[in-house]
There are 2 protein chains.
Amino acid sequence: MQSFTEENYLKTIYHLSVISNPVQTNAIAERTQTKAASVTDMLKKLSDKGLVDYIKYQGVTLTEKGKLAAINIVRKHRLWEVFLVEKLNFKWDEVHEVAEELEHIKSTLLTERLDEFLEFPKVDPHGDPIPDRHGNFADLSFIKLSKLKINDKGTITGVSEHSSPFLKHLEKLGLTLGKKIEVSEILDFDGSVELLIDEKKINISREVALHILISK
Amino acid sequence: MQSFTEENYLKTIYHLSVISNPVQTNAIAERTQTKAASVTDMLKKLSDKGLVDYIKYQGVTLTEKGKLAAINIVRKHRLWEVFLVEKLNFKWDEVHEVAEELEHIKSTLLTERLDEFLEFPKVDPHGDPIPDRHGNFADLSFIKLSKLKINDKGTITGVSEHSSPFLKHLEKLGLTLGKKIEVSEILDFDGSVELLIDEKKINISREVALHILISK
DNA sequence: AATAATTTTTAGATTTGTCTAAATTTAAAA
DNA sequence: TTTTAAATTTAGACAAATCTAAAAATTATT
Ligand SMILES: [Mn+2]
Ligand SMILES: [Mn+2]
Ligand SMILES: [Mn+2]
Ligand SMILES: [Mn+2]
């Protein structure tokens, strides 16, 4: 069994390895708000436990065992987020912190029953896929809104940035999951995008467009 | 804010102080599965934080601040137990361990919303009262089943022992919360009790009778 | 290829919570 | 009221997770 802290490292490595593999010490330090020296210590420990493959100065990769452990934490995190939004009326920008704690509750019975109670949701409130009990997820194909051309249409199905200010901003603009949009204009000089949504026109910056995920 | 460990000590002191006040070092050590020396260290720390009044060699008492903190943990523990039983179909002997972890989740928004979601339950699955957000509980008057005389009637409204084997035993005998019982006989030589329940007669040991709580 | 810049690791300390063994205090018994 | 027993505290050590500062390795630049 892993400690609370080890679990957070595993999850961090899991998320970072989507971006670059193997994962570097500094990247982990930055995301976990710690120092590189602390990360090195932990990597040795996780390596001893067979959860990561670690080569000095080169970085880490999750082993199969480590990957399964990480996915299980992601599963719990996202299930709890669904619970908070669907059952306890949390807003999508209020769930992350709490789920960060709830994801470490150990009971597998709890996880399975929660999944059932929520009727086996496939995605969390941010559109992120929820792995099943075996660690498999339905892979959803997203495109960044910033990749769309003029007159392209699509549905908002996810966000790649989870900070509360960003999510509140989207909420204010009416850019919530499930909404259909059409790109009506792309401003060349700053990359900002004009959208048609609910028969109204709104403008978003390129920065925002980069973090909205669209499916056709 | 208190650590996970500090919270467990506060809750332990709170529960033990019902039995004896001030609470002794060894009593805490026994309940928390630690050694007396460790308890002494922690008592000093809690005292420094103003959570307990501690006199060397004499024992500890919770301060008002410490008591409120303890009650808040008890509140969360019991609310989560209700959630597990009512919403996730846990049995009453399966909830304790999990609630022991869930009680430490920090969000007050979560606690309040959970309370609301559960429709403000007054008691947990073991009949224990749930304090409200201000720390007040409806005081329920229980009598131990072992105190009843022949022909006395009452309703099972609580248990004072939460171990899984004990609760499973009660379940098997049909002795669950809400059931009406009548004492039909008390055996003198071993203190065992014969009960009338659901128009059937069953026998329970004095040990069991001691841990069943009855209201009229 | 040599030097500089960056990244990572080691060395040594610190904090939290725990332990064992020894010393001290309090309570009980003679 | 001594003596003995029980409870509690101190002293010193240890594991986990962290830190700073210095050393080492890797990568980038001249
Ligand atoms: Mn976490
Ligand atoms: Mn999410
Ligand atoms: Mn606990
Ligand atoms: Mn309970």
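So that the names make sense, note that chain A is the first sequence line, chain B the second, and so on, each numbered from 1. Just so you know, these numbers use all the heavy atoms, side chains as well, and skip hydrogens, waters and symmetry mates.
- With salt bridges taken as basic N to acidic carboxylate O contacts below 4.0 Å, none links B/E7 and B/K106.
- Side chain of B/R78 to backbone of B/P129: a donor-acceptor contact under 3.5 angstrom is found.
- Taking A/V123 as the reference, A/L140 meet the side chain to side chain contact (heavy atoms under 4.5 Å, CB included) condition, with sequence neighbours excluded.
- Under 4.0 Å is where a charged nitrogen must lie from a carboxylate oxygen, and between B/D152 and B/K147 no such pair does.
- Relative to the six-membered ring of B/F83, A/K87 misses at least one condition, a distance below 6.0 Å or an angle of at most 45° to the axis.
- One interatomic measurement links the two molecules: CD of A/Q24 to P of C/dT9, which rounds to 10 Å at whole-angstrom precision.
- Salt-bridge check for A/E112 with A/R75: passed, with a basic side-chain N closer than 4.0 Å to an acidic carboxylate O.
- The side chain of B/T25 places an N or O atom within less than 4.0 Å of a non-bridging phosphate oxygen (OP1 or OP2) of D/dT9.
- Atom NZ in B/K44 sits roughly 8 Å away from atom P in D/dA11 (whole-Å rounding).
- In this structure, CD of A/E30 is placed 13 Å from C1' of C/dT7, rounded to the nearest angstrom.
- Only B/Y54, B/K56, B/Y57, listed by number, bring a heavy atom of residues 48-60 of chain B to less than 4.0 angstrom from any atom of DNA chain D.
- Contact annotation: B/N26 side-chain N/O to D/dA6 OP1/OP2 distance is not under 4.0 Å.
- Atom OH of B/Y9 and atom C1' of C/dT18 are 8 Å apart (whole Å).
- Applying the 4.0 Å criterion to OP1 and OP2 of C/dT16, one finds that B/T5 has every side-chain N and O outside that range.
- Around NZ of A/K49, the count of heavy atoms belonging to other residues, nucleotides or ligands within 6.0 Å exceeds 12.
- Using modelled atom types and a 3.5 Å distance limit, the side chains of A/E171 and A/W92 yield a donor-acceptor pair.
- A heavy atom lying under 4.0 Å from DNA chain C marks the following residues of residues 31-43 of chain A, by number: A/A36, A/A37, A/T40.
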